[in-house]
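Okay, so here's the structure we're looking at.
Heavy atoms only: backbone and side chains are in, while hydrogens, waters and symmetry mates are out.
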Amino acid sequence: GYYGVAVDGSGDVPTVGATTAPPRQIGVRRLDATGAPMGWFGDAGAFVSAVPGEMGTGASEGRALLAAGSSFLVGGPMPATSSGDYATGPAGVLAVTATGGIDTSFGGGVVTVPPMKFNIGYQLTALALECDGKILFGARYDDPDAASNANQDLGLSRLTATGALDTAFGSGGVTHF
């Protein structure tokens, strides 16, 4: 399924979602302004991948999409720390190049925000580009100070234009409510 859509500077329409077979993988598809698939993007018009890294084997899904310069930023669940289709793990951002590969110039390709968590059934993920190039990232925040069943706050963090956590925002780069 598709969860996010954007329009880039050239009028092309990238979309983001996930494969349906567990464990889910991120899928980014790029269409031209007429809605036709761009066959040269990724592998025959789509970038489909589990998120690279050593974090786990659970589901990855693209839940939000932002066209930022020559890259597309995908927000959502990153590799889960446990296996299974509905595993929990960190929320973060994956950078995809304009041609459909992983953009390692943005935070090494994958950026996670430690207190931001996900469970595919109930997370919020949003991305917004600020005028100075910084990126706001929203997701579920696991509040360690709350009771065990009430620890799911809304969280917001800010990343720099290069994918580093902006520690001047909130408390160490994150705020929650």
What are the two closest heavy atoms between [X] and [Y], and how far apart are they?
{"X": "A6", "Y": "A67", "answer": "CB-N, 4.3 Å"}
{"X": "S10", "Y": "R30", "answer": "OG-NH2, 4.2 Å"}
{"X": "A126", "Y": "A64", "answer": "CA-CB, 4.0 Å"}
{"X": "P14", "Y": "F72", "answer": "CG-CE2, 3.4 Å"}
{"X": "V96", "Y": "F41", "answer": "CG1-CZ, 4.1 Å"}
{"X": "R29", "Y": "G45", "answer": "CG-O, 3.5 Å"}

Taking a hydrophobic cluster as the set of Ile, Leu, Val, Met, Phe, Trp and Tyr residues connected by side-chain heavy atoms closer than 4.5 Å, whether directly or through intermediates, do [X] and [Y] fall within one such cluster?
{"X": "F106", "Y": "L165", "answer": "yes"}
{"X": "V16", "Y": "I102", "answer": "yes"}
{"X": "V28", "Y": "W40", "answer": "yes"}

Decide yes or no for [X] and [Y]: does some side-chain heavy atom of the first lie under 4.5 Å from some side-chain heavy atom of the second?
{"X": "V74", "Y": "F47", "answer": "no"}
{"X": "L65", "Y": "Y3", "answer": "no"}
{"X": "V93", "Y": "L127", "answer": "yes"}

Between the CZ atom in F169 and the CG atom in L156, the distance rounded to the nearest 0.5 Å is 4.0 Å
Could you give the distance from CD (E130) to OG1 (T160), rounded to the nearest 0.5 Å? 11.0 Å
T97 side-chain N/O to G100 backbone N/O, donor-acceptor pair under 3.5 Å: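 Checking the backbone N and O of G100 against the side chain of T97, a donor-acceptor pair under 3.5 Å is found.
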Give a yes or no answer on whether the side chain of T19 reaches the backbone of Q25 with a donor-acceptor pair at less than 3.5 Å.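 At least one qualifying donor-acceptor pair exists.
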Is it the case that over 12 heavy atoms from other parts of the model lie below 6.0 angstrom from the CG atom of D32? yes
